[in-house]
Amino acid sequence: MKLYGAIEAGGTKFVCAVGDDNLTVIESVSIPTTEPTETMPKVIEFFKEHDIISIGIGSFGPIDINKESDTYGYITSTPKTAWKNFDFIGAIKEHFDIPVAFTTDVNTSLYGEFKKGIAKDINSAVYYTVGTGIGGGAMVGGKFVQGYSHPEMGHMTVKIHEDDQSFEGKCPFHGNCLEGVASGPAIEKRAGISAKEIKEDSKDWDIVAYYIAQAALNTTLMLSPEKIIFGGGVMHQNHLLSKIHKQFELLNNDYIALPPVEEYIVSPSLNDEQGIIGCLALAQNENKV
C-alpha cells in the first residue's frame, strides 16, 4: 500500500499525518508550533516511523512558492519570528529523499474541500481560515490562483465599523487590516477576554461579522467564485456564520445576483480534516505520471 505524508503547519500546532490512496488518514499526531528546533525534530521522528513516498505541506506564511527562487520552500516574513526565513523544504529533504509539495495551509484546506468536501462538484471556490491569523486561497478548474506569490487575502483593507473606530488592530504589519481586526487575537484584544468567553449577543460578534462579510463581498466582486468557505477556530462560533450572512446581504444590497447566501457562504464539511486531506492529495499528485 502506498503511503503519503501530510504536514498542516499552523500558527498554533503542526498536524502530521500518514494516509493512503483514498486520502484516508491512517495515523496522525499534533505537535505544538513553538520554534523550529523544538517542533521539527518531532515532525521528522513521526514520519521516520512510516514508509512514505512523498509529502504534502501546507504552511502558515508568508511562504516562498516560486520554484525559481533561491528561497523556494521557505517561510519568509512571518510575524512568528522564530520561523522567519526558515527553510521548510530543506529541513524535510535533510531526512527524506522524496518529492515534496509545498503551498499555504489555507490552500491545502481548500484543496481538501475540492477533493472530498463541499467544493467537490464545482469549478471555483475560495477558502478563508479565520483563526490565529487570517488567510485565503482560491481555486479555478482544480488549480490554485497565484502569480508571483500566493494571495494574502487576510491582509486586505476593510472599512472600520462605526463602533470600532478606536481599535488600533492587532496586525504587526498593517494594524487594522482584516487579520488585524477579525482574527482570534484581535477579537480577544478588543474584548479583553478570550473569544470563547464572549457572549453570542455581544456587539463584538456583530463587528467581526461585518469585517468577514466585507472579505466575502470583496472576494465576490474580484473573483466571482461559485462558493466561499470560511473555516478556522473563530468560525467554530456556530452563531457567527448567520451574522456574516446578514451583513453580506446588507453590503451587497442586491447588486450581484447570487445563489441563496446559505449555499454561497458556507462552513467546511470535513470535520477539520480538510487541510490534512488536501496535503495528502498534493503528496499523491507528486507521484502521478
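With rounding to the nearest 0.5 angstrom, the CG atom of Asp204 is 5.0 Å from the CD1 atom of Ile198. The CD1 atom of Ile265 sits 8.5 Å away from atom CG of Leu217, with the distance rounded to the nearest 0.5 Å. From Ser183, atom OG reaches atom CD1 of Ile212 across 10.0 Å, with rounding to the nearest 0.5 Å. A distance of 9.0 Å separates CD of Glu162 from CD1 of Ile207, quoted to the nearest 0.5 Å. If you take CD1 on Ile187 and CD1 on Ile193, they are separated by 11.5 Å, rounding to the nearest 0.5 Å. Of the inter-residue distances, the one linking Phe47 atom CZ with Leu3 atom CG reads 11.0 Å to the nearest 0.5 angstrom.
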Would you list the atom pairs, donor with acceptor, under 3.5 Å between side chains in residues 52-59 and any protein atom, with sequence neighbours excluded?
residue, atom, partner, partner atom, Å
Ser54, OG, Ala283, O, 2.7
Ser54, OG, Asn287, ND2, 2.6

Below 3.5 Å, can you tabulate the donor-acceptor pairs from side chains in residues 222-234 to any protein atom, sequence neighbours excluded?
residue, atom, partner, partner atom, Å
Glu226, OE2, Asn123, N, 3.1
Glu226, OE2, Ser124, N, 2.9
Glu226, OE2, Ser124, OG, 3.1
Lys227, NZ, Glu263, O, 2.8

N/O donor-acceptor pairs under 3.5 Å from side chains in residues 269-280, not counting sequence neighbours:
residue, atom, partner, partner atom, Å
Ser269, OG, Glu113, OE1, 2.8
Ser269, OG, Ile118, N, 3.0
Asp272, OD2, His236, NE2, 3.3
Gln274, OE1, Asp272, N, 3.2
Gln274, NE2, Tyr127, OH, 2.8

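In this structure, the salt bridge (charged side-chain N to carboxylate O under 4.0 Å, His left out) partners of Lys203, at least two apart in sequence or on a different chain, are Asp163. For the salt bridge (charged side-chain N to carboxylate O under 4.0 Å, His left out) test, no residue two or more places apart in sequence or in another chain qualifies with Asp206. Residues forming a ring pair (Phe, Tyr, Trp, His ring centres under 6.0 Å) with His50 (at least two apart in sequence, or on another chain): Phe46. Under the rule for a salt bridge (charged side-chain N to carboxylate O under 4.0 Å, His left out), Lys2 has no partner lying at least two apart in sequence or in another chain. Remark: Phe167 engages no residue in a ring pair (Phe, Tyr, Trp, His ring centres under 6.0 Å) (not counting sequence neighbours). By the ring pair (Phe, Tyr, Trp, His ring centres under 6.0 Å) test, Phe60 is found to be paired with Trp83, residues two or more places apart in sequence or in another chain being considered. Under the ring pair (Phe, Tyr, Trp, His ring centres under 6.0 Å) criterion, His161 pairs with Tyr210, not counting sequence neighbours.
Taken together through direct or relayed side-chain contacts under 4.5 Å among Ile, Leu, Val, Met, Phe, Trp and Tyr, Val15 and Phe88 form parts of separate hydrophobic clusters. The cluster map of Ile, Leu, Val, Met, Phe, Trp and Tyr, joined by side-chain heavy atoms under 4.5 Å apart, puts Ile244 and Leu250 in different clusters. Val266 and Ile256 fall into different hydrophobic clusters, where Ile, Leu, Val, Met, Phe, Trp and Tyr are joined by side-chain heavy atoms under 4.5 Å apart, directly or via other members. Side-chain heavy atoms closer than 4.5 Å link hydrophobic residues (I, L, V, M, F, W, Y) into clusters, and following such links, even through other members, never connects Leu23 to Met139. Hydrophobic clustering keeps Met153 apart from Val106 (ILVMFWY residues linked when any side-chain heavy atoms are closer than 4.5 Å, directly or through intermediates).
In this structure, the side chain of Asn253 does not engage the main chain of Tyr255 through any donor-acceptor pair within 3.5 Å. Between the side chain of Glu200 and the backbone N or O of His239 there is no donor-acceptor pair closer than 3.5 Å. With hydrogens and angles ignored, the 3.5 Å screen pairs no side-chain donor or acceptor of Asn22 with any backbone N or O of Thr24. Judged by distance alone, the side chain of Lys243 and the main-chain N or O of Trp205 form no donor-acceptor pair under 3.5 Å. Using modelled atom types, one side-chain atom of Gln165 and one backbone atom of Ile160 make a donor-acceptor pair closer than 3.5 Å.
In this structure the side chain of Glu249 never reaches within 4.5 angstrom of the side chain of Asp254, judged on heavy atoms. Residues Lys115 and Lys120 form no side-chain contact, since every pair of their non-hydrogen atoms from C-beta on lies 4.5 Å or further apart. Side-chain contact check for Phe86 versus Tyr74: every heavy-atom pair is 4.5 Å or farther apart. For the pair Pro62 and Glu152, the minimum side-chain heavy-atom distance is below 4.5 Å. Using a 4.5 Å cut-off on side-chain heavy atoms (C-beta onward), Tyr4 and Leu282 make no contact. Two residues are said to be in side-chain contact when any heavy atoms from C-beta on lie closer than 4.5 Å; Ile65 and Gln146 meet this criterion. The shortest distance between side-chain heavy atoms of Ser267 and Leu241 falls below 4.5 Å. Contact annotation: the side chain of Ile75 never approaches that of Lys84 to less than 4.5 Å [non-hydrogen atoms, C-beta and beyond].
No more than 12 heavy atoms of other residues, nucleotides or ligands lie within 6.0 Å of NZ in Lys13, so this atom counts as exposed by the packing criterion.
Here the closest non-hydrogen pair linking Gln247 and Ala213 is CB-CB, 3.5 Å. In plain terms, the two heavy atoms of Gln237 and Ala195 that are nearest each other are NE2-O, 3.5 Å. Of all heavy-atom pairs spanning Ile31 and Val43, the tightest one is CD1-N, 3.7 Å. Pairing each heavy atom of Ala215 with each of Tyr128, the nearest pair is O-OH, 3.7 Å. Of all heavy-atom pairs between Phe144 and Asn107, the closest is CE2-O, 3.3 Å. In this structure, Gly180 and Ala186 approach most closely via the heavy-atom pair O-CB, 3.2 Å.
Residue Val140 shares its hydrophobic cluster (ILVMFWY side chains chained together at separations under 4.5 Å) with Val145.
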Verdict with reasoning, Leu178 to His155, per side-chain contact (heavy atoms from CB on, under 4.5 Å): CA-CA 5 Å; Leu178 177 62; His155 292 265; over 6 Å; no
Begin with the C-alpha distance, continue with both residues' side-chain angles, and end with the deciding distance and a verdict on side-chain contact (heavy atoms from CB on, under 4.5 Å) for Val208 and Val181. CA-CA 7 Å; Val208 172; Val181 295; over 6 Å; no
Full working for side-chain contact (heavy atoms from CB on, under 4.5 Å) between Leu251 and Phe248: CA-CA 5 Å; Leu251 291 168; Phe248 178 85; 5.8 Å; no
Dump the intermediate steps for side-chain contact (heavy atoms from CB on, under 4.5 Å) on His174 and Glu179, then the final yes or no. CA-CA 9 Å; His174 313 115; Glu179 179 173 298; over 6 Å; no
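Within the structure, every pair that satisfies the side chain to side chain donor-acceptor pair (under 3.5 Å) test and touches residues 30-42, not counting sequence neighbours, is listed here: Thr34-Glu38, Thr34-Thr39.
Side chains of Tyr111 and Thr103: a donor-acceptor N/O pair is absent below 3.5 angstrom, by distance only. Using a 3.5 Å distance cut-off with no hydrogens or angles, the side chains of Thr220 and Tyr264 do pair a donor with an acceptor. In this structure, a donor-acceptor pair under 3.5 Å is absent between the side chains of Tyr211 and Asn176.
Note on Glu188 versus Lys170: no salt bridge recorded, every NZ/NE/NH1/NH2 to OD/OE distance being 4.0 Å or above.
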